[in-house]
Number of protein chains: 2
Amino acid sequence: MSCPICLRPVGVVEVGLPRLGRVDKYDFVSVIRIFDEYVEGLGGLEEYSHAFIIWLFHETPGVRLRLRPWGREDFPEVGIFATRFTQRPNPIALSIVKIVEVDPPRLRVLGLDAWSGSPVLDIKPYDHLDVVNEFRTPDWFEEFFKETRGGLPRWLGPSR
Amino acid sequence: MSCPICLRPVGVVEVGLPRLGRVDKYDFVSVIRIFDEYVEGLGGLEEYSHAFIIWLFHETPGVRLRLRPWGREDFPEVGIFATRFTQRPNPIALSIVKIVEVDPPRLRVLGLDAWSGSPVLDIKPYDHLDVVNEFRTPDWFEEFFKETRGGLPRWLGPSR
């Protein structure tokens, strides 16, 4: 049977977050290796401070359409599209990273939460149209961050 | 030959931006139809005001690794990963939308720049970790918006 949508990796996470231990992704420099045939696509990316990395949860087993966030019984059951959890119909991951260095064929970034070996599908620059100034998240989301981290997350950008 | 990464659409843009005429995507309600087998994944999405839609530029011909943004001779040639242009190695599109209504199996949104018929790959909620407060874009990006729209874009969120 043919595949409805066939994509190919443009690179791979060469050094990703350790699988064990608690490492803050904003303090850890991940290394992405772009494959030779796509390296010239990196030109000019260094003019941006941040980018989206679209990558694949390639080791996630199965799909769940409904779940309780973080497995917590006190949180409501919600649909997978209302979460960023991994067991999605298409195991696509989206991370916003700070660009530390564009050093073709490599890209070093802060904020990526991929493990080593994860395929990278695309890179897009972060720009003014990506900032929503006023937005709403569910109570369970805000509660989780208040309880576990003392407040809502703030991803402060270049000065961090 | 087998496909390296095989994905499947979870839905389709049923009503997208008109191909002709200048329609402001932030004033146009697009309709996404989620396929029956994935509809329960939408539960709880209405608690968010904004979301990422990951979709496919399914009619884009070819790939360009380097280009001048908006075809302008006065702008530098840059790599495709330093732009949001369509002719990418993987024709993946990423839009941030305001959720107008979650009405399963449909989702109505503002800010999507897909045409009708575009396959949808994933939906993820927009949250606090997606906001970068300080970031940098290239001179050509800022120049384009100042010239053509009188200033840098501001995507103001729910109040718009």
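The structure displayed is predicted, hence computed values, not measured ones.
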- Do you know which two heavy atoms are closest between A:Leu107 and A:Ile123, and how far apart they sit?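 Heavy-atom minimum between the residues: CD2-CD1, 3.7 Å.
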- Do you know which two heavy atoms are closest between B:Phe57 and B:Ala93, and how far apart they sit?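 Scanning both residues, the minimum pair turns out to be CZ-CB, 3.4 Å.
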- Query: Under a 4.5 Å heavy-atom cut-off, does chain B meet the side chain of A:Pro76, its backbone, both or neither?
  - Reply: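 Neither part.
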- Task: Could you look at A:Leu42 and say if it's the side chain, the backbone, both or neither that has a heavy atom under 4.5 Å from chain B?
- Result: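 The answer is both parts of A:Leu42.
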- Message: B:Thr60 vs B:Gln87, test: side-chain hydrogen bond (donor to acceptor under 3.5 Å, both in side chains). Steps then yes/no.
- Response: CA-CA 6 Å; B:Thr60 298; B:Gln87 292 173 278; over 6 Å; no
- Message: Evaluate B:Tyr48 against A:Phe135 for ring-ring contact (aromatic ring centres under 6.0 Å, His included), listing each step before the verdict.
- Response: CA-CA 8 Å; B:Tyr48 285 90; A:Phe135 60 96; 8.9 Å; no
Counting heavy-atom pairs under 4.5 Å to chain B, which of [options] comes out on top?
{"options": "A:Ile80, A:Val10, A:Asp127", "result": "A:Asp127"}
{"options": "A:Asp139, A:Thr83, A:Ile54", "result": "A:Thr83"}
{"options": "A:Pro119, A:Gly79, A:Gly41, A:Ser95", "result": "A:Gly41"}

Atom group of [X] that falls short of 4.5 Å from chain A, counting heavy atoms:
{"X": "B:Phe141", "value": "side chain"}
{"X": "B:Leu56", "value": "side chain"}
{"X": "B:Ile92", "value": "both"}
{"X": "B:Glu142", "value": "side chain"}
{"X": "B:Arg8", "value": "both"}

- Task: Quick one: sort the B:Phe144 and B:Phe75 rings into parallel, tilted or perpendicular, breaks at 30° and 60°.
- Result: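 Plane angle over 60°, so perpendicular.
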- Query: Shared ILVMFWY cluster between B:Leu110 and B:Phe28, side chains joined below 4.5 angstrom?
  - Reply: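 No, it is not one cluster - the side chains of B:Leu110 and B:Phe28 are not joined through contacts under 4.5 Å.
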- Item | Cation-aromatic face contact A:Arg149/A:Phe145, 6.0 Å, 45 degrees |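 A:Arg149 over A:Phe145 ring: no.
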